[in-house]
Amino acid sequence: MSSREHGAAWSPATRAVAAGRPARTPDAPVNPELVLTSTYHSSQEPTARMYARFANPTWEALEEVLEALEGAPARVFASGMAAVSAVLDRVPPGGLVLTPRGAYNTTLALLDELAAAGRLRVRRLDTTDTAAVEAALDGAALLWLESPTNPLLEVADLRALCAAARAAGALAVVDNTFATPLVQRPLDLGADVVVHSVTKFLAGHSDVVLGAVVTADADLLGALHRSRTLHGAVPGPFEVWLALRGVRTLSVRLERSQASAAELARRLREHPAVSRVRHPSLPDDPGHALALAQMRGFGAVVSLEVRGGAAAADAVCAAVRLWLPATSLGGVESTLERRRRHASEPDVVPEALLRLSVGVEDVEDLWSDLAQALDAVWSPGGP
Ligand SMILES: *Cc1c(COP(=O)(O)O)cnc(C)c1O
């Protein structure tokens with residue numbers, strides 16, 4: 001019996017470890033093999049794999065893990081953006097796409113490019129305002145959601161919005177990169193498609209770039225698979241193998257990172273150099289109640305605003321010694337970044353906002369390093 005067959009009763013943390021393994025044949029390896037090949041032996045009959053742009057056994061192992069975690073079949077892609085792009089390709093010519101005003105900047109940049117080229121139309125809105133999204137859905141082809149959003153950590157009512165999208169005939173897509181399937185399962189909340197940057201928490205070690213799509217809709221899955229094959233946005237088997245290794249520890253990494261993120265959010269709020277902290281764990285965070293209703297945790301990304309504007313925020317990045325000033329997130333190592341340093345970052349993101357990705361280091365070390373960096377830029381007589 002394969003892990004896929006009896007895995008349904010296990011908890012998600014267990015499935016992340018047990019799924020996607022070879023059959024229990026004596027002397028067979030316990031781990032999926034790294035299959036490096038560009039082609040397969042053929043036969044007179046058509047075969048399932050044929051050529052390595054179509055399929056690879058190492059991809060299939062990670063796809064089985066993602067299916068076990070998200071609850072529907074998955075396909076891995078060369079990057080999160082390759083997965084995003086394949087999904088956006090499903091929008092009919094001229095179709096209207098609704099997105100959060102603040103979302104992953106490259107998703108928004110791609111949508112803007114497609115709109116400028118006349119391929120589709122795009123409208124950004126406040127996805128925490130459920131009524132506003134419902135009103136805008138009339139005639140929309142696709143509702144793009146992130147929750148929590150990157151980097152404002154805004155929480156959208158996924159159940160209500162996915163139901164409204166369905167009623168309006170729009171495809172509901174959720175980028176679940178920030179929450180991961182251990183914290184939030186958008187398909188259970190009514191989403192049609194889940195997208196991941198596997199680069200982040202799923203792989204978890206800042207050593208690969210990888211993406212995935214997940215959907216229970218067989219026709220849509222077939223179209224996304226075909227898109228991967230035709231556009232050639234295929235991952236390297238070694239990257240997938242590393243992500244498989246990384247995902248085994250997702251549950252323990254997240255448990256630690258989420259607990260530290262909540263603790264740091266609480267302490268940061270008391271620091272005089274910080275004007276605002278965003279994390280759904282905070283009882284007065286605008287997303288707190290919704291997060292409790294639809295998530296099993298609050299995630300390991302925290303955003304804060306530094307008093308004194310962009311220069312002060314940059315100075316904090318320059319003053320940390322343990323935290324790594326770097327873009328990206330979801331690794332075992334804690335990183336921080338002032339997001340508006342990117343020209344493509346939407347201007348709803350404050351200039352002085354630092355996005356913190358909390359890793360698995362000791363929380364006291366993380367705190368003392370952050371605190372000394374904030375102390376260094378803050379002067380009582382200053383701004
Ligand atoms: C990083 C990220 C992406 C893009 O993924 P890549 O693997 O970098 O291509 C998409 N969405 C979110 C929320 C991300 O953080």
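In this chain, numbering begins with 1 at the start of the sequence shown. These numbers come from a predicted model, not from an experiment. Whatever order the structure lists ligands and atoms in, that order sets their numbers, starting from 1.
Here the protein heavy atom with the shortest distance to atom 14 (C) of ligand 1 is K200 NZ, 3.0 Å. Closest protein heavy atom to atom 11 (N) of ligand 1: D175 OD2, 2.6 Å. Of all protein heavy atoms, the one closest to atom 5 (O) of ligand 1 is S197 OG, 2.9 Å. When only non-hydrogen protein atoms are considered, atom 7 (O) of ligand 1 lies nearest to T199 OG1, 2.6 Å. For atom 9 (O) of ligand 1, the closest non-hydrogen atom of the protein is M81 N, 2.8 Å. Counting only heavy atoms of the protein, atom 4 (C) of ligand 1 lies nearest to Y104 CE2, 3.3 Å.
For the residue pair D217 and T215, no side-chain donor N or O sits within less than 3.5 Å of a side-chain acceptor on the partner. Using modelled atom types and a 3.5 Å distance limit, the side chains of Q184 and S147 yield no donor-acceptor pair. A donor atom on one side chain and an acceptor atom on the other are not found under 3.5 Å apart for S344 and H342.
Between Y51 and F54, the ring planes lie perpendicular to each other; the angle is over 60°, past the 30° to 60° tilted range.
When only interatomic distances are considered, the shortest N/O to N/O separation between G80 and ligand 1 falls below 3.5 Å.
Checked by atom type and distance alone, the side chain of T149 never pairs as donor or acceptor with a backbone atom of P151 at under 3.5 Å.
Closest of all the heavy-atom pairs between E70 and R185 is C-NH1, 3.5 Å.
Only backbone heavy atoms of L210 (N, CA, C or O) come within less than 4.0 Å of ligand 1; its side chain stays farther off.
Each of the following atoms of ligand 1 lies closer than 4.0 Å to a heavy atom of N150: 15 (O).
Salt-bridge annotation for E64 and R21: absent, with no side-chain N of the basic residue lying under 4.0 Å from a carboxylate O of the acidic one.
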